[in-house]
Every structure is written in structure tokens, then in C-alpha cells.
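Heavy-atom basis, side chains included; hydrogens, waters and symmetry copies ignored.
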Amino acid sequence: MSGPLFPRWTNTVSRFSAAGLLAVPAIAIGGLMAYVRSPYGTNMQRPYDQPIEFDHRHHAGDEHIDCRYCHWTVEKSPSAGIPSTTVCMSCHAQVWNKSPYLAKVREAFFTDRAIPWVRVHNLPDFVYFNHSIHVNKGVGCYSCHGRVDEMAAIEQKQPLTMGWCLDCHRNPKPHLRPLEYITSMTWTPPAKPEEAAALGDKLAKDYDVHSRTSCSTCHR
């Protein structure tokens, strides 16, 4: 009688091959899901080269300029707005009016051209986001943008993923603050959990805030 067609070790090889055929796609899918949720996939903390070196630490931090002075449509429009060169020159016609750092600002102002700022927080086109509804309901600038007053150049501090948005939409109360502190970078809720919860309940009632998780809230 002749021996077996294949030696015994081929059984082990076939088992490892079958396991590999199943494991490789699973690892690839898992790796892809991890990547799109990582800072690399969500563009968090990614540096952006802007046409002008605008330092938020000086303007929002040192000088305590309110966010709404430059982003003046944030309370009444879906977009927070990009300040025009007229806004810039309302100060810099007197302050640092001959600084070489502001040469492009002066050029844009006198030629009536917009400064080509590079967008940092950029949601997909299929996502609808309205700044005004969030700001007027007690969600502060810090919640999404972080400590802007400590940034030399603006970076994306939050992932802006669907899961991240839904975490807040399911339970918005912990993220609310009084409207008078809406642009504050240093406001914090009460340290005691029961006081923080009571404040969240009060603000949600005062501002008529409810959880919103229907698809049409963001996808219209």
C-alpha cells in the first residue's frame, strides 16, 4: 500500500492558512477603524500653514479680545464667520500699523481682497452644523475648539466624529454653561458633582435644551 498523498505537516499548514485568510481581513478592517478614529485620521493637532502669522495667544489671551469681535456671525448664523480685513484694520490702523508682519493685511485691505485663510475645522459636506444654535443654547466655544487662548496657531482639539457629536447630543447637560460665559476659555462648572448636575438641569430648562439623536438633526 502506498503512503498518504500529503505528509502530516501539511495539515498544520492548511490550518494556519485558513486562520490567516480569516485574520488578515479582520486585522485590516480593525486597523482601518482604529486609524479613522485616531488623531491622524481625524486631523487632530495637525499643523496648518496660514498666509499670515496670527497668534490667538496674544489676541484672545493677552488682550482678552472676545471671540465674537472677529467671529461676529457666530450667534446668528450657521457659520462663525471669518473676520474681514476691515475688522483687522480697525485696530491695526493705529497699532503696529507699520509692522512687516501685517504687510499682507494692509495689502488685502487696500486692494479689497480677502485673506486666503486655511480652514482648520472642516466637517464633511453631508453634515449640517449651525454655530448659532449651539452658542445660544449654552455650548461654549471651548467645548469644540479647546483653549484657543493658548494656541499660537489654531489646531483641531476634538475629533469631530459622529460618535463624539452624539455623546453630547445624547446628554447635553454636562456641556452647558451660562450664556455670559459662552466665549470664556477659563470657565469651569461647579466642582461638586451635585451642584454641577443641578446647574446642567437649570440651564437645560432655561435654554430649552433636549437630547437630539435623529438623523435629520445633522443630515438634511
Next on the checklist: Do the side chains of Glu75 and Arg68 get close enough for a salt bridge, i.e. N-O under 4.0 angstrom?
Outcome noted: yes

Checklist entry - Should the pair Asp201-Lys173 be classified as a salt bridge under the 4.0 Å nitrogen-to-oxygen rule? => result yes

If you count every heavy atom of other residues, nucleotides or ligands that lies below 6.0 Å from [X] atom [atom1], does the total exceed 12?
X      : atom1 : answer
Tyr142 : OH    : no
Phe129 : CZ    : yes
Glu53  : CD    : no
Arg147 : CZ    : yes
Asp49  : CG    : no
Tyr48  : OH    : yes
Met162 : CE    : no

Does any N or O in the side chain of [X] come within less than 3.5 Å of the main-chain N or O of [Y], such that one atom is a donor and the other an acceptor?
X      : Y      : answer
Arg113 : Glu107 : no
Thr73  : Lys76  : no
His92  : Val95  : yes
Gln156 : Arg46  : no
Thr85  : Cys88  : no
Arg106 : Asn97  : yes

Item to check | Minimum side-chain heavy-atom gap Glu155-Val120 below 4.5 Å | outcome: no

Checklist entry - What is the ring orientation for Phe54 with His59, classed by angle as parallel under 30°, tilted 30 to 60°, or perpendicular over 60°? => result parallel

I'd like to know if [Y] and [X] are part of one continuous hydrophobic network [Ile/Leu/Val/Met/Phe/Trp/Tyr, side-chain heavy atoms within less than 4.5 Å].
X      : Y      : result
Val74  : Ile133 : no
Ile82  : Trp72  : no
Trp96  : Ile115 : yes
Tyr207 : Ile182 : yes
Leu166 : Leu123 : no

Item to check | Residues Trp117, Gln50; criterion side chain to side chain donor-acceptor pair (under 3.5 Å); working and verdict | outcome: CA-CA 6 Å; Trp117 298 107; Gln50 298 289 356; over 6 Å; no

Checklist entry - Mind checking who shares a hydrophobic cluster with Tyr69, ILVMFWY linked at side-chain heavy-atom distances under 4.5 Å? => result Ile65, Val87

Checklist outcome for this item: Shortest non-hydrogen pair, Ser132 vs Pro78, comes out as OG-N, 4.5 Å

Checklist outcome for this item: Between Thr217 and His169 the two heavy atoms that sit nearest each other are CG2-CE1, 3.8 Å

Next on the checklist: Using ring centroids (six-membered ring only for Trp), state whether Tyr128 and His219 fall under 6.0 Å.
Outcome noted: no

Checklist entry - Going through the distances and angles, do His64 and Asp62 end up as a side chain to side chain donor-acceptor pair (under 3.5 Å)? => result CA-CA 6 Å; His64 302 288; Asp62 298 338; over 6 Å; no

Item to check | Stepwise side-chain contact (heavy atoms from CB on, under 4.5 Å) check, Met89 with Leu102 | outcome: CA-CA 10 Å; Met89 292 301 290; Leu102 299 171; over 6 Å; no

